[in-house]
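Right, one structure below, let's go through it.
Start at 1 with the first residue, then count along the sequence. What you are looking at is a predicted structure, and each value in this text was computed from that prediction instead of being measured.
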Amino acid sequence: QVQLVESGGGLVQAGGSLRLSCAASGRTFVGSTMGWFRQAPGKDREFVAAKTWSNDYTDYADSVKGRFTISRDNAKSTVYLQMNSLKPEDTAVYYCAATRSDNWRRYEYDYWGQGTQVTVSS
């Protein structure tokens, strides 16, 4: 059974920080590119960040560059999203995703977590 479980969401004031975690079942994580996406109410899901298995490639959406950092601990099968200088427009449900194919280049992932809510108050 493939599982991705996010945690770490919550309510934070603008300018604050949160760290999201995504724990993956072992076979999901090995060799996978891991990504974070988010979906705000009434909006489409959008890409936030991604990191390949070997850590040789990292990508960020322009809206989060310089504020968010994706990292992964392959030994713990966990990927993180450190979010600093949060803004009200960062409010969304954040999803972790994984794929073992090259489809990550097209923002296409095979496995998804259930999401964790991040709310940033002004």
Side-chain angles (χ1 to χ4, degrees):
Q1 187 79 10
V2 173
Q3 267 197 315
L4 298 173
V5 180
E6 302 98 333
S7 61
L11 173 64
V12 64
Q13 288 188 330
S17 298
L18 282 174
R19 188 176 83 153
L20 305 183
S21 299
C22 172
S25 57
R27 291 210 44 93
T28 306
F29 203 78
V30 175
S32 291
T33 293
M34 301 298 296
W36 286 97
F37 290 75
R38 67 186 181 186
Q39 187 167 21
K43 295 187 176 182
D44 292 335
R45 187 171 59 196
E46 64 175 359
F47 169 77
V48 175
K51 184 176 274 291
T52 54
W53 163 257
S54 57
N55 290 303
D56 58 350
Y57 185 81
T58 303
D59 191 20
Y60 295 97
D62 288 342
S63 59
V64 307
K65 281 181 181 176
R67 300 189 298 122
F68 290 12
T69 302
I70 185 171
S71 61
R72 58 191 296 164
D73 185 334
N74 290 343
K76 295 182 178 179
S77 296
T78 301
V79 63
Y80 306 96
L81 186 68
Q82 177 67 44
M83 305 185 295
N84 299 329
S85 303
L86 282 161
K87 304 175 182 179
E89 50 264 45
D90 294 318
T91 295
V93 177
Y94 283 71
Y95 297 91
C96 171
T99 181
R100 300 182 72 179
S101 73
D102 287 337
N103 290 339
W104 62 268
R105 299 179 187 275
R106 298 190 296 273
Y107 308 108
E108 297 174 359
Y109 287 72
D110 300 310
Y111 307 106
W112 294 84
Q114 83 290 349
T116 185
Q117 176 71 47
V118 171
T119 303
V120 184
S121 62
S122 57

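Taking the six-membered ring where tryptophan is involved, the planes of F37 and Y109 are perpendicular, since the angle between them exceeds 60° and thus also 30°.
For the atom pair CG of L20 and OG1 of T78, the computed distance is 12.5 Å after rounding to the nearest 0.5 Å. Here the CZ-CE distance, from R38 to M83, works out to 9.0 Å after rounding to the nearest 0.5 Å. With rounding to the nearest 0.5 angstrom, the OG atom of S77 is 9.0 Å from the CE atom of M34. Going from atom CG of L81 over to atom CZ of F68 covers 6.0 Å, rounded to the nearest 0.5 Å.
In this structure, F47 has its ring center no closer than 6.0 Å to that of W36.
Within the 3.5 Å criterion, the main-chain N or O of S63 finds a donor-acceptor partner in the side chain of R67. For the pair T52 (side chain) and Y57 (backbone), a donor-acceptor distance under 3.5 Å is present. Side-chain N or O atoms of R100 include none that pairs as donor or acceptor with a backbone N or O of G31 at under 3.5 Å. Formation of a donor-acceptor pair under 3.5 Å by the T99 side chain with backbone atoms of N103 is not found in this model. E6 places a side-chain N or O within donor-acceptor distance of the main-chain N or O of C96, the cut-off being under 3.5 Å.
Hydrophobic cluster membership differs between L4 and Y95, with clusters built from Ile, Leu, Val, Met, Phe, Trp and Tyr side chains linked at under 4.5 angstrom. Side-chain heavy atoms closer than 4.5 Å link hydrophobic residues (I, L, V, M, F, W, Y) into clusters, and following such links, possibly through other members, connects V12 to V64.
You'll find the side chain of E46 stays beyond 4.5 Å of the side chain of D44, heavy atoms only. In this structure, the side chains of I70 and T58 come closer than 4.5 Å at one or more pairs of heavy atoms.
Here the closest heavy-atom approach between residue G8 and residue L18 is recorded as O-CD2, 3.8 Å. In plain terms, the two heavy atoms of S101 and D110 that are nearest each other are OG-OD2, 4.2 Å. For the pair V79 and S71, the tightest heavy-atom approach, listed with the atom from each and the gap, is CG2-O, 3.1 Å. Shortest non-hydrogen contact noted between S122 and P88 is CB-CG, 3.8 Å. Counting all heavy atoms, side chain and backbone alike, A40 lies closest to T91 at CB-O, 3.6 Å. In terms of heavy atoms, V93 sits closest to Q117 at CG2-OE1, 3.2 Å.
The pair D59-K51 fails the salt-bridge criterion, with no side-chain N (NZ, NE, NH1 or NH2) lying under 4.0 Å from an Asp/Glu carboxylate O. Salt bridge present: K65 and D62 bring a charged side-chain N and a carboxylate O closer than 4.0 Å.
For the residue pair R19 and Y80, no side-chain donor N or O sits within less than 3.5 Å of a side-chain acceptor on the partner.
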